[in-house]
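To find a chain, count down the sequence lines: A is the first, B the second, and so on, and within it residues start at 1.
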Amino acid sequence: MEIHKADIIILGAGLAGLRAAISAAETNKNLKIAVVSKVFFLRSHSTAAEGGTAAVLYEGDSYDLHAYDTIKGSDYLADQDAVEIFVRTMPKEVLDLDHWGCPWSRLPDGRIAQRPFGGHSFPRATYAADRTGFHALHTLYERMLIYENIERFQEYFVTSIMIDNGTFTGLTAMNMKTGEYVIFQGKALIIAAGGLGRLYSFTTYSHTVTGDGAAMALRAGLPLEDMEFIQFHPTGLVPSGILITEGARGEGGYLLNKDGDRFMKKYAPQKMELAPRDVVSRSIMWEILEGRGYSGPWGPYVYLDLRHLGDEKIKERLPAIRDIAIKFNNINPKDEPIPVRPAAHYTMGGIQVGNDTMSPVKGIFASGEASCVSIHGANRLGSNSTAECLVFGDISGRNAALYVEKIQNIPDLNMDKVKEEENWLYKEPFKERGSESVATLRRELQNTMQEKVGIFRNEKDLTDALKIIKDLQKRFDNVYVEDKNMYYNTNLMTYFELRNLLEVAEVVVLGAIARKESRGAHYRTDYPKRDDVNWMKHTIAIKRAGKIELSYIPVRVTKWQPEERKY
Amino acid sequence: MASTQSLKETMEPVAWMFQLITALFMVFFLGVHLILMHAYGLNNILIQAILNRLHNPWWKAFYIAFVISITYHGLNGLRGVILDLGVKKVKALNAAFWVVAIITIIYGVWLLFNI
Amino acid sequence: MDKVIFKIKRGTPEEWQYVEYEVPVEKGTTILDGLYYIRDNIDHTLSFRASCRMEVCGSCAMMVNNFPRTTCSTQIENVKPDGTKNGIKVIKLEPLSGYPWIRDLVVDFDDFFKKHESVKPYIIRKETPEGQLLQSPEQLAKFKQLTLCIKCGACVAACPISNSDPLYLGPAALAAAYRFNADSRDEGKNKRLAVVSDPEGCWRCHFSAECSEACPKDVDPASAIQKLKVQAAVFEFKRIFTGRKDGEK
Amino acid sequence: MGIKEAFKNWLSIKGRHIHGGIAYLFHRLTGLIILLYLYVHFGALSQLLNGGASYKNFLTTVESPPFVALDILLFFVIFYHGANGIRLVFNEFGIGTKKNMLFFWVMMALGLIGWILLTYIVATRFIGGG
Ligand SMILES: Cc1cc2nc3c(=O)[nH]c(=O)nc-3n(C[C@H](O)[C@H](O)[C@H](O)COP(=O)(O)OP(=O)(O)OC[C@H]3O[C@@H](n4cnc5c(N)ncnc54)[C@H](O)[C@@H]3O)c2cc1C
Ligand code: HEM
Ligand code: SF4
Ligand code: F3S
Ligand code: FES
């Protein structure tokens, strides 16, 4: 058994986790900080983010404008005081990244360039080509190397969060390389374990985004907020789900159904393909549901047609999309349309935290996609999430550092619980019993979520989904791990991930069943209107004695009163 | 792995530079040598011809430079090859290189003066 | 073509063998898709790394018919077969060469990242600046291509020196050093040169250029390393002539 | 990695390119062969020390067909190493690295022409009885 002790433990090394590590290390050079991740830090999902990161940098833009855009985009479910902190801190984060070496794209005069983004009324998406998340993550990683008080634990799979007497005490984990049991003890924990996109079969997410953070938090008794809000991006490449940026439509791409119709004229005659994300996603799904999509071995799709733009324009304006289409689909967009379908893209909800990123449990902080501050409400704007990771990652790191400074000793672990977890980890998965495999269960779960808890939701589908998930949770007991070799046992890791997915799926569905309105990404065909009177509130889910309980807290409104969302 | 505290002395940059410079020299030396010995008919390699040439100070200088270049270039190349096999005793290897190189050069030059 | 055989090197350094699997193939199926197919449907015990499946995270590099590739962006259709068996195309998959092997298609990357860290791959400045550090698009262009490195390690697997000398810093780390040396915002060039000028540093590169052939991102580490050598040589000569250990004027 | 495995990897050309890893391996092998030859050559020259007689013998052996054939082979080795070496000098100073493949084949062509010329000269000299 490996035991590691640190003042602050950071779970996750995406943008949020690494930003938190740097900030904590800077706040107090004497603190020992441990960063733990199940993949090498640079492999974290944040590296896939493309478009940009929102910040108010130049004349003509203002904090109020950014805040307004964000709140309107959130369908008024965002906490407005949090949004204000967010927009005010963001410019500094862009500058920090600049000083640390991020290769931001530049204006001819040498200043950092920005570009327009969906839902923002000013071109404030700061970008590094079309690899913003990639460059930001690498910059943070490289900067982190400077701090000698940051210890790195890569390819350590965290399995549970230990809380005793309402205080954080430690983490249990598995060293993936050796299969050894590992314990992390610390005074504070920052959860930055990302989203849960792999809950869906068709998603823009990396394979490793499996809701571990949320699931562990739930098991440990932490509250999750607004989990029913899952964003779908209209154009995920079929079959892989790789993101095709909004820019493709921005440059004039058409969406075509099986009959060769530009079907958007039915749904948004004015804006056509450039209507907001949720509208476009819903329109594509209508077409598919009504049988006007193409069907292939990898599921239905519609076409994103760029042919009329001509080779020149595609090469000049959409080189990355061209690359992706050629590399992954053997399609040259000048000759053939690109098959697309809406794909799960972002988790608005997460662990409930205050504006200081502190959770209700002493010593536990959360930031990034795993947390819900909440600045995204029911629908986040593009380029606001990498920004969130930076701002609240920074805040969580600093606050955690200030918090642990006041604590003398690392609290003792409850060794019984540690042993219990060890027993579970090393015995349960290997018991030979039923014939279920991780892959079949995961597939069933993902298909269920995709079909019944997707873009359109209704009472019946959701209750069906809940039943299926409950059933899958039972069947999970029949899954056993075939692979007995403890060196880099991916069979075992996917087993743990499946367990987590099954747990968070239930929360998503319960929240969706309860919320009888349509707001942002949550669209109920049986309640197609937003209901500010009854539902302008956040969903809170807590697991008590194996049962998930829902409750609600009000949205914090400062300056911006809800109005109809028109674009 | 390369040391991170670093700033220690190393002959590598000089060795590298010389490897390339001697390589260029050698194009000249070897070119002249090959043409001289093989392209002009047998007369050139008859013993008398060789001895005559060696008594000309210019040719002598030419050959001394040739010997030094080729020895350095070849042996430093060999040193690199050995280093590339992951040999950790860099200092010992460098010392051995110098010893062999100097002996070879001395012998080569001695030959030039004694035949 | 509707199916293909994956011949995979499986096991641990102590005990291993090649195992063959039949994988269905369609237009666009990548090698990584095939691996997931095997793990989900044929053999759950197959171990390999992958995450983003869009050639940006660097997890999935392995030897495909003796050549290192990021498998998520390599379509089966585009790979020349290693041979055929009963008329079915065979593709050979092995863990990256030149790394300590852990198991199946997984190798140990610790040393790779340590080497990357050792070249000080971050901006070094004497004082923290206020406001933006201006950088013209031309200045950016000098190192932009080098920032595309996803640390997949394919270059190291391809480099003959890295394969025979585990101490060699290797193309990825050296290219990273040059990336920061070429950044107009940086002031730490000499500190980095002092590291890469180690006997196991840039001087071990003999321009095999296999690194650049293997790189999925066209980072071209081979070119960067040669430029780094010139910088390092200048630095070392300055050090000799000025007597200053840190190479500063 | 043991030295044996290192050596094996060092000699491996699996998955390597002609203008890349294979050119590099050949460069090494040819360099080492010439180095070996250098010492053989020194040995031969030492024959001169004992005066003309033994050198004459030596010369007749060396001028016999098999030895001339070996010589021609050696030229090949030298021309390869030289031609590729010139490329490397430029490449290692950072020149022409992007067009490395073209550069390689141009140098190979030049080297080959040189080798054929020299071979022709030597062969005619030999056949003509010099
Ligand atoms: C294709 C795509 C494009 C996007 N583009 C943009 C964009 O242009 N602009 C924008 O603002 N946002 C974008 N987003 C959203 C944004 O990328 C994410 O919201 C953000 O990167 C999340 O970062 P994070 O740090 O919270 O989590 P992640 O980057 O997901 O990191 C999670 C970390 O937690 C670790 N972890 C998880 N579980 C465990 C466990 N059990 N044990 C140990 N470690 C664990 C992981 O290893 C990882 O290090 C995009 C998202 C996608 C999918
Ligand atoms: C025609 C003139 C020559 C040229 C242009 C030339 C060029 C080069 C160059 C540029 C290198 C360095 C390659 C690297 O960095 O790896 C080199 C290496 C080497 N050379 Fe030469 N060389 C020539 C003649 C010779 C001769 C005559 C010998 C034998 C004594 C020789 C032996 C070697 C050896 C052993 C190496 C090391 C091989 C290696 O590191 O890969 N070379 N040569
Ligand atoms: S240089 Fe290229 S091959 Fe090497 S690690 Fe970076 S991306 Fe991979
Ligand atoms: S393959 Fe290796 S030898 Fe140099 S040019 Fe690339 S690092
Ligand atoms: S899976 Fe990320 S690079 Fe291939």
(request) Enumerate the residue pairs fulfilling side-chain hydrogen bond (donor to acceptor under 3.5 Å, both in side chains) with a member in residues 100-109 of chain D, sequence neighbours excluded, ordered by first and then second residue. (result)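 Sorted pair list: D/Arg87-D/Asn100.
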Please check if atom [atom1] in [X] has more than 12 non-hydrogen atoms from other residues, nucleotides or ligands closer than 6.0 Å.
X: D/Leu112; atom1: CG; answer: yes
X: D/Met108; atom1: CE; answer: yes
X: D/Phe26; atom1: CZ; answer: no
X: C/Lys189; atom1: NZ; answer: no
X: C/Lys144; atom1: NZ; answer: no
X: D/Phe7; atom1: CZ; answer: no
X: D/Phe93; atom1: CZ; answer: yes
X: D/Leu117; atom1: CG; answer: yes

(request) Considering non-hydrogen atoms only, spot the tightest contact between C/Asp220 and D/Lys98 and give its length. (result) OD2-NZ, 3.4 Å
(message) Tell me the closest heavy-atom pair linking D/Ala6 and C/Ser164, and the distance in Å.
(response) CB-O, 3.3 Å
(request) Go through the side-chain N and O atoms of C/Glu213 and D/His19 and say whether any donor and acceptor fall under 3.5 Å apart. (result) yes
(message) Please classify the contact between C/Ala158 and chain D as side chain, backbone, both or neither, with a heavy-atom cut-off of under 4.5 Å.
(response) backbone
Roughly how far apart are [X] [atom1] and [Y] [atom2], rounded to 0.5 Å?
X: D/Tyr24; Y: C/Cys159; atom1: OH; atom2: SG; value: 7.5 Å
X: D/Ile22; Y: C/Glu210; atom1: CD1; atom2: CD; value: 7.5 Å
X: C/Ile161; Y: D/Trp10; atom1: CD1; atom2: CH2; value: 9.5 Å
X: C/Ser208; Y: D/Asn91; atom1: OG; atom2: CG; value: 11.0 Å

(request) Tell me, out of D/Lys8, D/His27, D/Lys14, who's got the most heavy-atom pairs with chain C below 4.5 Å. (result) D/Lys14
(request) Carefully, step by step, assess D/Thr97 and C/Phe207 under the rule side chain to side chain contact (heavy atoms under 4.5 Å, CB included). (result) CA-CA 9 Å; D/Thr97 53; C/Phe207 197 70; 3.7 Å; yes
(message) Out of C/Val230, C/Asn65, C/Val64, C/Asn66, return the one with the most heavy atom pairs under 4.5 angstrom to chain D.
(response) C/Asn66
(request) Report the option among C/Pro100, C/Pro68, C/Pro160 that has the most heavy-atom pairs separated by less than 4.5 Å from atoms of chain D. (result) C/Pro160
(request) Taking the six-membered ring for Trp and the single ring otherwise, decide whether the centroids of C/Phe67 and D/His17 are under 6.0 Å apart. (result) yes
(request) Please answer whether the main-chain N or O of C/Asn163 pairs with a side-chain N or O of D/Asn9 as donor and acceptor at a distance below 3.5 Å. (result) yes
